Q: 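Got a structure for you, written out below as structure tokens; questions coming shortly.
Since we're looking at a predicted model, the values are computed, not measured.
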Number of protein chains: 2
Amino acid sequence: MSTAEATRRGVPDAAVARLPGYLRALTALAGDDVASVSSEELAAAAGVSSAMLRKDLSYLGSYGVRGVGYDVGRLASEIAAALGLTQDWPVAIVGMGNLGRALADYRGFAERGFRVIALLDHDERVIGEEVAGQRIRPMTDLEALVRDDGLAIGVIATPPAGAQAACDRLVAAGVRSVLNFAAVVLAAPEDVTVRKVDLSTELQILAFHGHRGAVAEAVAP
Amino acid sequence: MSTAEATRRGVPDAAVARLPGYLRALTALAGDDVASVSSEELAAAAGVSSAMLRKDLSYLGSYGVRGVGYDVGRLASEIAAALGLTQDWPVAIVGMGNLGRALADYRGFAERGFRVIALLDHDERVIGEEVAGQRIRPMTDLEALVRDDGLAIGVIATPPAGAQAACDRLVAAGVRSVLNFAAVVLAAPEDVTVRKVDLSTELQILAFHGHRGAVAEAVAP
DNA sequence: GCGTGTGAAAATCTTCACAGCG
DNA sequence: CGCTGTGAAGATTTTCACACGC
């Protein structure tokens, strides 16, 4: 099965969400000069079951060798290709508050093939300020960034009240992938992929589990 | 069905993950002095289908009125209770780099019942420094925080290399809920709930969708 | 022999569609 | 009548277990 075929047939969303984890584990192994891994080892490194790992990889094709395992470099390339990481992805961060600035400084982006090509804010008072070696630019630069620099991903780090407007501006400029850190549900056209990262939600889920543990103990000790 | 019963029988994980979204939408409605909502309206505000919303709420009990809808205040209370948010949850942030500092400044925590009671770092050079109105404290304070302040949730914002050690320290001190921002898979005992937030992973998933769209167009225009 | 790749089974999650009740 | 609550159907995801091929 070629990569194009696998892509066309569709890798399940749940599997796609785990591929970055496999890629990271493989990169770490390659850094330790490990040349080959079994599904058991790689699964342990990525924190999943070996059956799930093999199933996930089977959606991409047959890149392992029976009785042996997977070639670390080869598998990393195949996963990177499936994720579309053969190219660099230009990213713009919108909203230069605390979070936006922390994200601008975050090293992990560049390491994984994402280039932060612009920091944007709609507040004129911060435009021109320098953060992480880049000047903060106005939202009106968006169209040029998409046209001239191939901007494809927007990261929204604005306060909740400004997030929908920021999203609308990104979409109007032609950005079709959005990562939203603001605590609101964004409306966007169907062909735009929006993903959300929400700290409070995560803590509330943790609270549920902490709480539930306590209740379960009280009910059935 | 009482809350205790619902909790014992178990609310599906997928439903739990959506409850914070419903709670947020309800809080917004309450702020606008809306007293009652239909599942259709609330679902739209939370970005899910009305059938899913009703199904999710049914795991908690029957808090709606047929032909009418849900009382906003009542439903918010019930969801908060199910999530265990009737109490404040003390939180400690471990790792005072860029991300840790941004998190320390983040207002959303307090708004949703999470109290950041301590900022910790293992590097002596930053201990004592003031961030967001609190002094950075050494990791050795952990036991006292758990014992005296009921610390229950740890947020790991260390570099990847220090994350497992930070997690081990938290667990040893008695923390049973961990939110991990570091790009590593953490090993922890079964009774500890670990959730992961990973910026690079989110971007890679976005890249997959952006890429896949382009490939799909090329294959079947 | 060993570990991958994969059908088939099991579990989980989502949607449907309508009975039931205010 | 209108909207909730929910069994049942459908879709998706995960696990199982073993055939297959190096």
Q: Using the salt bridge (Lys or Arg N to Asp or Glu O under 4.0 Å) rule, collect all pairs that involve residues 89-106 of chain B, keeping only residues at least two apart or in two chains.
A: R101(B)-E129(B)
Q: Nucleotides 12-15 of chain C: which of its N/O atoms have a protein N/O under 3.5 Å away?
A:
| residue | atom | partner | partner atom | Å |
| --- | --- | --- | --- | --- |
| dT14(C) | OP1 | R18(B) | NH1 | 3.1 |
| dT14(C) | OP2 | R18(B) | NH1 | 3.1 |
| dT14(C) | OP2 | R18(B) | NH2 | 2.8 |
| dT15(C) | OP2 | S49(B) | OG | 3.4 |

Q: Quick one: R54(B) CZ to dC18(C) P, roughly how many Å, whole number?
A: 14 Å
Q: Give a yes or no on whether the backbone of G84(B) and the side-chain of W89(B) come within a donor-acceptor separation of less than 3.5 Å.
A: yes
Q: Which residue pairs satisfy the salt bridge (Lys or Arg N to Asp or Glu O under 4.0 Å) criterion with at least one member in residues 38-52 of chain B, sequence neighbours excluded?
A: none
Q: Do the side chain of R115(B) and the main chain of D88(B) share a donor and acceptor less than 3.5 angstrom apart?
A: no
Q: By a strict heavy-atom criterion of less than 4.0 Å, which residues belonging to residues 68-75 of chain A are in contact with DNA chain C?
A: V68(A), G69(A), Y70(A)
Q: Whole angstrom is fine here: how far is it from CD in E41(A) over to C1' in dC2(C)?
A: 13 Å
Q: L60(A) CG to dT6(C) P: how many Å, rounded?
A: 11 Å
Q: Please, which pairs that meet salt bridge (Lys or Arg N to Asp or Glu O under 4.0 Å) have at least one residue in residues 14-28 of chain A, sequence neighbours excluded?
A: R18(A)-D56(A), R24(A)-D198(B)
Q: Applying side chain to side chain contact (heavy atoms under 4.5 Å, CB included), name anything that partners R74(A), two or more places apart in sequence or on another chain.
A: Y63(A), D71(A), E78(A)
Q: Using side-chain heavy atoms (C-beta onward) and a distance below 4.5 Å, is L179(B) in contact with V194(B)?
A: no
Q: Sequence neighbours left out, what passes salt bridge (charged side-chain N to carboxylate O under 4.0 Å, His left out) with R195(A)? Give chain and number order.
A: E202(B)
Q: Is any side-chain heavy atom of Q204(B) less than 4.5 Å from a side-chain heavy atom of F114(A)?
A: yes
Q: Which nucleotide of DNA chain D is the first, and which the last, in the 5' to 3' direction, to come under 4.0 Å of a heavy atom belonging to chain A?
A: dT13(D) to dC22(D)
Q: Contact list please: residues 25-36 of chain B against DNA chain D, heavy atoms, distance less than 4.0 Å, in numerical order.
A: none
Q: Report the residues that fulfil salt bridge (charged side-chain N to carboxylate O under 4.0 Å, His left out) with D191(A), sequence neighbours left out, ordered by chain and then residue number.
A: R176(A)
Q: Would you call L120(B) and L145(B) a side-chain contact if the rule is heavy atoms closer than 4.5 Å?
A: yes
Q: Could I get the full list of side chain to side chain contact (heavy atoms under 4.5 Å, CB included) partners for A17(B), not counting sequence neighbours?
A: I205(A)
Q: Can you measure L57(A) atom CG to dG3(C) atom C1' for me and round it to whole angstrom units?
A: 13 Å
Q: Listed by chain and number, what are the salt bridge (charged side-chain N to carboxylate O under 4.0 Å, His left out) partners of D13(A), not counting sequence neighbours?
A: none
